[in-house]
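These notes concern the structure reproduced below.
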Amino acid sequence: MADECSLYDAKAKLSALVRQVREGRTIVITVHGEPAAELRPIERGARKQSLAERVEELESRGELSAPTRRSGASVALRRLARRPGALKRFLKERE
């Protein structure tokens, strides 16, 4: 059974919580009484993935896509602001 800790308390006691987790305990962090996150020990002895394996996994899950151009090709930079002074206008609009 995991221990529970509110987000407010977790922010104040993070070092102590990490010590408990390193000892093998699992702690559920709650927000307004609802579970939001879990602190748990890292699995020891878990095999590290190589970069190629990790890229392949992320591509298969659709979280990463292959580049559309060669990595050595030069990239032409284009101007984003059509008129000079875009930053000044942006900041003035925020006032």
| message | Give me the atom names and distance for the closest heavy-atom approach of D9 to C5. | response | CB-SG, 3.6 Å
| Mind checking what makes salt bridge (Lys or Arg N to Asp or Glu O under 4.0 Å) contact with R40, not counting sequence neighbours? |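 Result, salt bridge (Lys or Arg N to Asp or Glu O under 4.0 Å) vs R40: E38.
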| L39: which other cluster members, linking ILVMFWY side chains closer than 4.5 Å, directly or transitively? | L7, L17, V21, I27, I29, V31
| Non-neighbouring partners of L58 that pass side-chain contact (heavy atoms from CB on, under 4.5 Å), sequence neighbours left out | R54, R61, E63, L64
| Counting only heavy atoms not in L91, do more than 12 fall under 6.0 Å of its CG? | yes
| request: Working to the nearest 0.5 Å, report the span between CD of E56 and OG of S50. | output: 8.5 Å
| field | Spacing of CD belonging to E93 relative to NZ belonging to K88, to within rounding of 0.5 Å | value | 14.5 Å
